[in-house]
Colleague: 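Below is one structure. I have some questions about it.
Because the structure is predicted, anything quoted here is derived from the model rather than measured. In what follows, chains are A, B, ... by sequence order, proteins preceding strands, each numbered from 1.
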Amino acid sequence: MVSRKVSRRRFVASTAAASTALVAAPFVRGAYAAGKLSLGLWDHWVPGANKTSEALIKEWADKEKVEVTIDYITSQGNKLLLTIAAEGQAKSGHDMLSMAHWLPARYAEQLVPVNDIMEPLIKENGAVNGTVEYLGKVGGKWLGVPATIGSQIKGPCSRIDLMKQFAGIDVQAMYPAGAPPKADAWTLDAFLKAAEACQKGGHAFGIGLGTTSDSVDSAGAIFHSFGAQLVNAKGDITVKSDNVRKALDYYKRLMAFLPEDVPAWDDASNNKWLVSGRGALIMNPPSAWAVAKRDAPKVAEQCWTHGFASGPAGRFAPFIPFFWNTWNFSKNQAAAKSLMVFLSQKTSAEKLVVASGGYDLPSFEKFTTFQTWADEAPPKGTLYHYPNPHKHQTLSIAAAPAPHKIGEQIYTQGIMPQMVVRYYKGEAMEKTLDWAAKEIEGFMRN
Amino acid sequence: MADIAARGSVAATGDSRSSLHKLMQRKSTIAFLMTLPLIVLILVLVAYPAGYAVYLAMLNKGMTRFVGFGNFDFLFGRETFWMVVYQSCLFAITAVIFKAIIGFVVAHFVHNIPSKGQRKWRGMLLVPWVIPPAMSTLAWLWLFDPSYSALNWILAGFDIERIPWTGETGWARFSVILVNVWIGAPFFMIMYLAALKSVPEQLYEAASIDGAAWWQRIWYVTLPMMRNIIAITALFSLIVTFANFDIVRILTRGDPLNSTQIFGTWAFRVGIESGDIPLGSAVSLFMVPILAVAATFILRDITKRGSEV
């Protein structure tokens with residue numbers, strides 16, 4: 001926890017002096033940026049990552065003379081989600097709070113628009129990807145700044161040896177460290193063949209089909225690859241489309257080569273599948289690889305994080321952004337915005353990425369080539385393609401481009417994995433589509 | 001005139017002091033004052049949240065408009081909701097029946113252990129009930145793990161095919177009920193054991209003299225003497241089991257295909273995870289009529305038992 005007290009007069013003097021340094025943050029020059037600032041940040045699972053963010057915030061607080069209180073709130077057991085819901089109801093709480101994927105849109109009416117800082121940040125740091133814009137910008141208003149801490153791509157993490165041995169695929173050659181991908185042949189058909197070969201070799205791909213986020217994100221990427229939308233951007237239900245049928249058919253074939261218990265998997269199951277040495281591929285950020293580095297070094301030495309296979313509609317990878325937001329009832333909005341800008345500077349973002357061992361992903365275009373990702377090992381370069389440095393895949397989220405209030409429910413209630421499991425277990429295609437359409441109809445109410 | 005008025009005022013004050021004094025001396029007033037902290041606690045922690053839940057359940061999704069019973073009406077038309085109603089009833093009723101049967105049998109075993117060693121057994125058998133359910137359910141989660149189930153590992157040792165404990169609808173329902181029974185049966189056991197100890201030994205002796213078999217002693221002596229405690233325990237447990245959240249949430253999260261969702265977990269999924277707090281409140285309020293009926297039975301039974309005593 002960082003804390004320091006300061007008079008308002010001293011704060012104003014200090015901000016005036018620092019104004020040249022923070023080109024993108026002219027808004028903090030008001031007197032209201034002084035005083036206290038309470039932060040509710042996502043509690044990082046990487047040991048030491050919180051220390052780095054704390055040190056960065058202290059650096060900012062010392063410069064701006066603001067008394068800061070940090071609460072690191074775990075997402076385990078939905079604690080962060082419950083905290084956000086409680087604060088939203090009570091209209092009281094942290095001045096700055098981390099919110100994942102759909103939450104800024106859910107609380108759009110209670111969040112302070114941050115266009116005044118986002119526009120300069122984009123100018124300075126480069127554009128953000130379409131998913132960040134879809135989730136973070138509602139009705140032309142930016143509801144938060146995309147946070148480096150916690151943002152992640154859930155692309156494939158493959159076993160180099162097993163993919164070579166059973167599927168005849170050299171993932172390092174396909175995604176060479178330090179060079180653009182040569183992945184034209186890495187299609188969903190190739191993915192399916194590799195899944196079959198690895199399953200026959202006793203090392204099935206570990207892709208969950210429960211209703212937790214890892215399962216939903218993987219399903220979302222495959223649906224996007226077929227251009228399959230359950231609800232379009234206008235809010236029309238488009239479940240009964242050929243693309244959705246194609247996606248389901250593909251998934252049915254894929255599921256036959258996955259472990260039979262995948263409908264019961266949660267977000268830890270795929271990690272365990274890889275770390276135990278049983279899986280040839282999972283869809284996950286590098287957390288599973290990091291755990292393997294500690295607990296199963298031989299497995300870690302064979303892991304390679306890379307892009308997802310392409311489908312008829314393109315190449316999509318699941319992306320989960322976090323945002324830093326401030327409530328409209330926060331007492332120190334100006335200071336919160338100032339801190340968001342500070343944390344979004346290149347030097348800050350790089351420190352956060354290093355501290356997380358490459359797990360955290362800044363959303364800005366110019367921040368996807370930090371040296372950490374090229375250096376992380378073993379094997380060296382294993383994370384080079386993790387931040388999508390060559391932009392060869394579209395970063396996406398399941399249920400997009402549905403209007404947020406519908407998309408959020410499709411996502412959180414795991415409609416796509418449930419459709420897949422129903423269809424795989426023998427339910428007629430049309431019955432599965434009817435079920436999904438009825439469920440989604442229920443999400444339309446206002 | 002002023003003097004008279006003043007005296008009158010003094011007299012009136014004296015009267016009111018005296019009546020206040022009398023009021024304070026009444027037993028009912030003292031009882032009320034002593035229970036006041038509890039009443040305040042109940043108002044703040046039970047009545048207010050309950051009232052607020054009713055209020056929330058009558059708002060639209062955006063919580064900007066009063067919609068009356070619109071959310072309830074909406075739920076009646078949802079297939080998933082009726083599945084949740086069915087599963088909640090299945091979960092609660094099945095679990096309570098098994099807890100009662102196991103509790104009854106184990107209570108008899110413990111009752112027949114010589115009193116010297118009985119305390120140890122009572123203590124050990126209570127362990128599942130005294131461990132926080134979230135902790136013990138986590139242990140069960142590891143036993144049921146889809147890929148690394150310890151139970152399946154043991155079964156494999158006997159060449160028995162692995163069981164999808166949480167992966168198939170039937171097995172997943174079985175698993176959540178099993179854990180609930182494991183946690184809750186000791187409560188029944190201890191209540192039944194207390195009831196067994198209060199059955200006069202002479203009744204069994206008289207039954208034996210009349211030539212009653214063991215099952216007749218249970219049917220004609222034990223069960224009638226335990227009738228009230230059985231009813232109260234079962235109904236109390238029914239309320240708690242209907243309102244369960246932690247076991248399902250930790251073990252299956254309602255999966256697979258929502259086939260283990262119960263009122264509490266579904267309300268959380270809809271209200272908190274999906275951001276539809278009014279609908280989540282409406283789902284959770286569906287427990288109220290069921291629990292109210294159970295509570296009515298409990299109170300009636302307690303009254304009846306009281307009048308019999």
Colleague: Flag yes if more than 12 heavy atoms outside Lys438(A) fall under 6.0 Å of its NZ atom; otherwise flag no.
Modeller: no
Colleague: Under a 3.5 Å cutoff, is there a donor and acceptor pairing between the side chains of Asn60(B) and Arg445(A)?
Modeller: no
Colleague: Side chain to side chain contact (heavy atoms under 4.5 Å, CB included) for Val270(B) and Gln413(A)? Distances and angles first, verdict last.
Modeller: CA-CA 8 Å; Val270(B) 169; Gln413(A) 300 198 26; 4.3 Å; yes
Colleague: Side chains of Gln89(A) and Tyr52(B): do they bring a donor and an acceptor to under 3.5 Å?
Modeller: yes
Colleague: Where along residues 163-174 of chain B does a heavy atom come under 4.5 Å of chain A, listed by residue number?
Modeller: Thr166(B), Gly167(B), Glu168(B)
Colleague: Apply the test side chain to side chain contact (heavy atoms under 4.5 Å, CB included) to residues Leu81(A) and Ile272(B): give CA-CA distance (whole Å), side-chain angles for both, the deciding distance (0.1 Å), then the verdict.
Modeller: CA-CA 8 Å; Leu81(A) 179 68; Ile272(B) 302 293; 3.8 Å; yes
Colleague: Let me know if Asn258(B) has heavy atoms under 4.5 Å from chain A in its side chain, its backbone, both or neither.
Modeller: both
Colleague: Looking at side-chain heavy atoms only, is the closest gap between Asp255(B) and Trp265(A) below 4.5 Å?
Modeller: no
Colleague: So do the side chains of Asp276(B) and Arg106(A) get within less than 4.5 Å of each other, counting heavy atoms only?
Modeller: no
Colleague: Taking the side chain as every heavy atom from C-beta outward, state whether Arg162(B) and Asp261(A) have any pair of such atoms under 4.5 Å apart.
Modeller: yes
Colleague: Are more than 12 heavy atoms, taken from residues, nucleotides or ligands other than Phe236(B), located less than 6.0 Å from that residue's CZ atom?
Modeller: no
Colleague: Of the backbone (N, CA, C, O) and the side chain (C-beta and beyond), which part of Leu56(B) lies under 4.5 Å from a heavy atom of chain A, both, or neither?
Modeller: side chain
Colleague: Taking atom types as modelled and ignoring hydrogens, do the side chains of Glu408(A) and Ser274(B) form a donor-acceptor contact shorter than 3.5 angstrom?
Modeller: no
Colleague: Let me know if Phe74(B) has heavy atoms under 4.5 Å from chain A in its side chain, its backbone, both or neither.
Modeller: side chain
Colleague: Checking Ser147(B) against Arg278(A) for the side chain to side chain contact (heavy atoms under 4.5 Å, CB included) test, could you report, in this order, the C-alpha distance in whole Å, the side-chain angles of both residues, the deciding distance, and whether it holds?
Modeller: CA-CA 10 Å; Ser147(B) 307; Arg278(A) 292 175 73 179; 4.0 Å; yes
Colleague: Applying side chain to side chain contact (heavy atoms under 4.5 Å, CB included) to Glu273(B) and Gln409(A), what does each step give before you reach the verdict?
Modeller: CA-CA 8 Å; Glu273(B) 288 186 310; Gln409(A) 296 191 75; over 6 Å; no
